[in-house]
Visitor: 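Before we start, here is the structure in question, set down as structure tokens.
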Amino acid sequence: MNFIDYILMCAFLHVGYQNPLSSWTLQPNVLVVKVNGSPSQQALKCLHSAEGLTNGDDKDILWKKNGREEKQRGNSYLVQLEESLGGGRYSCYSTNGSLLNHTVVLIQEDTTRRKILMKTDQEEYLKCSTQNFEGAFRCSWTWHRTRFGKVALIRAGRGRDVECSVDASGQRWTCSSGQGQISCSVDGTGDGISCVDKRHCAFAEEKHRIFLTVYVKTEHFLVESYSKHFYLSEIVKPDKVKIRRVNTSMIEVTYPSSWSSPSSYFPLTFQVSQSTRGCKNCDNPCENPTAAETVMVNSSSHCRFEVKSEFKTVCVRAKDALYNSQWSDWSHLSTD
């Protein structure tokens, strides 16, 4: 090969295989590579010194991708990336079969088109709520019907400077910052996480929002991140209220047992609707209420309401009286 041919070949390789847009370590031995669809290469290194080699020759290092031996040898390995392909578990071995190192390569596509999670009716990917102000909350999501995956990393904290660690199961994360310590565990169903801010005080004003990022990955080594930030007061949703019939013309509504106490400090607003429609053969007549009469009442304890004889169903729900947060699900009582 003459010098001109060599230069042309090098130029062709440089154009054909660019470096990926970026890469970073998601957690130990897990590398995220961001691509835009063009052919590119990502270099991996087996060892940072020759201590693990039998005779000091890095050509004795063998590589496997997802358990299958590769042709490339040596301390450095070039991962071939094209579109969303190239992710996998890359392991390097000595000639005697000893595992020297491994790296899981996850692919993040440079696109705004999400593929792993589906949006909710509120145009959000993560739906978060809490039953009270005690510091616990849950976030859930919906997997795309063809891209089901699992959680790769959870970052949750009040503020941006957060350090996170995971337990041996890979399902429970603890994140700490100067403003709090939040622990999150992946639900058994795989479609949500349950978290608790261990330093949160229900009686103190929230000075910092919770910043939550969930990284999810598929079996094809694609990864995406979804973020949400909020105060607990913005996502609080009380459980269903309790309704008790006092007599033929009176009902009593009480706070859910999971709501923060005392009720004088954490008051609820009740919405009470009385309907002429019965509910003998329906699941819940309150989902699409056709109320003839609706009242709103603020209460720091239980409330009693008069039931008029012409109404057959009473529907009641509650929300925090001090914040514009979510309504609870409806509770109902048949009066006929």
Side-chain angles (χ1 to χ4, degrees), residues 13 16-111 115-117 143-154 164-173 185-186 188-191 214-225:
L13 291 175
Y17 289 94
Q18 302 290 337
N19 291 328
L21 297 179
S22 60
S23 62
W24 66 93
T25 300
L26 185 66
Q27 56 186 110
N29 297 102
V30 179
L31 181 71
V32 175
V33 179
K34 190 173 185 179
V35 300
N36 62 2
S38 301
S40 58
Q41 295 176 328
Q42 173 66 43
L44 302 180
K45 198 168 185 179
C46 179
L47 301 173
H48 294 284
S49 68
E51 294 179 358
L53 302 179
T54 55
N55 57 12
D57 187 0
D58 73 349
K59 296 300 181 182
D60 291 337
I61 295 178
L62 309 178
W63 288 85
K64 290 183 180 181
K65 176 184 177 181
N66 300 330
R68 299 183 63 178
E69 188 170 332
E70 295 286 283
K71 293 181 179 180
Q72 291 189 51
R73 292 196 175 195
N75 196 43
S76 295
Y77 182 96
L78 288 178
V79 178
Q80 306 301 317
L81 305 168
E82 187 168 356
E83 295 185 351
S84 61
L85 303 178
R89 180 184 176 91
Y90 294 85
S91 306
C92 54
Y93 299 81
S94 64
T95 52
N96 63 9
S98 299
L99 177 65
L100 300 176
N101 203 350
H102 76 278
T103 301
V104 176
V105 176
L106 301 178
I107 305 299
Q108 184 180 43
E109 295 180 292
D110 182 33
T111 175
K115 295 182 178 179
I116 301 180
L117 300 187
W143 297 104
H144 191 281
R145 60 183 180 275
T146 62
R147 292 293 182 96
F148 184 82
K150 61 181 182 180
V151 173
L153 175 68
I154 299 171
C164 299
S165 61
V166 63
D167 67 0
S169 71
Q171 299 296 298
R172 186 175 184 84
W173 305 81
S185 58
V186 181
T189 56
D191 59 358
V214 180
Y215 291 83
V216 294
K217 63 180 180 180
T218 70
E219 61 181 352
H220 300 296
F221 299 97
L222 294 177
V223 65
E224 290 175 354
S225 62

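This structure is a prediction, so every number in the text was calculated from the model and none was measured.
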Visitor: For the atom pair CZ (R89) and OG1 (T103), what is the distance rounded to the nearest 0.5 Å?
Guide: 9.0 Å
Visitor: Quick check: do I61 and Y77 have side-chain heavy atoms less than 4.5 Å from each other?
Guide: no
Visitor: For the residue pair W63 and R73, what are the closest heavy atoms and their distance?
Guide: CD1-CA, 4.2 Å
Visitor: Run the side-chain contact (heavy atoms from CB on, under 4.5 Å) test on Q42 and L81 for me, step by step, so that the C-alpha distance in whole Å, both residues' side-chain angles and the decisive distance to 0.1 Å come before the verdict.
Guide: CA-CA 7 Å; Q42 173 66 43; L81 305 168; 4.0 Å; yes
Visitor: If we ignore hydrogens and angles and just use 3.5 Å, is the side chain of N101 paired with the main-chain N or O of L47 as donor and acceptor?
Guide: no
Visitor: What's the spacing between E69 CD and Y93 OH if we round to 0.5 Å?
Guide: 10.0 Å
Visitor: So does V35 get a backbone contact from the side chain of D110, meaning a donor-acceptor N/O pair under 3.5 Å?
Guide: no
Visitor: Nearest 0.5 angstrom please: C92 SG to L99 CG, how far?
Guide: 6.5 Å
Visitor: If the condition is ring-ring contact (aromatic ring centres under 6.0 Å, His included), which residues does W173 pass it with, not counting sequence neighbours?
Guide: none
Visitor: Taking the side chain as every heavy atom from C-beta outward, state whether V166 and R172 have any atom pair closer than 4.5 Å.
Guide: no
Visitor: Taking the side chain as C-beta and beyond, is there a heavy-atom pair between L44 and V105 under 4.5 Å?
Guide: yes
Visitor: Would a 4.5 Å heavy-atom cut-off, applied to side chains only, mark Q27 and C164 as touching?
Guide: no
Visitor: Would you please say whether a donor-acceptor pair under 3.5 Å links the side chains of Q80 and Q41?
Guide: yes
Visitor: What's the shortest heavy-atom distance between S84 and E109, and which atoms?
Guide: CB-OE2, 3.3 Å
Visitor: Hey, what do you get for OG1 (T146) to CD1 (I116), rounding to the nearest 0.5 Å?
Guide: 10.0 Å
Visitor: Distance check, rounded to the nearest 0.5 Å: S94 atom OG versus L62 atom CG?
Guide: 7.5 Å
Visitor: Between Y215 and Q108, is any pair of side-chain heavy atoms under 4.5 Å apart?
Guide: no
Visitor: Would you say the side chain of F221 lies within less than 4.5 Å of the side chain of V104, judging by non-hydrogen atoms?
Guide: yes
Visitor: Once rounded to the nearest 0.5 Å, what's the spacing between atom OG of S23 and atom CG of L106?
Guide: 12.0 Å
Visitor: Could you pull out the closest heavy-atom pair between L100 and C46, with the gap in Å?
Guide: CB-SG, 3.7 Å
Visitor: Kindly indicate whether the side chain of Q72, heavy atoms from C-beta on, has any atom under 4.5 Å from the side chain of L78.
Guide: yes
Visitor: Suppose we screen for salt bridge (Lys or Arg N to Asp or Glu O under 4.0 Å). Which residues come up paired with D191, at least two apart in sequence or across chains?
Guide: R138
Visitor: Between L26 and A152, what is the shortest heavy-atom contact and its length?
Guide: CD2-CB, 4.2 Å
Visitor: Do you know the tightest heavy-atom contact between N29 and H102?
Guide: ND2-O, 2.7 Å
Visitor: Would you say K217 and K150 make side-chain contact, with heavy atoms under 4.5 Å?
Guide: yes
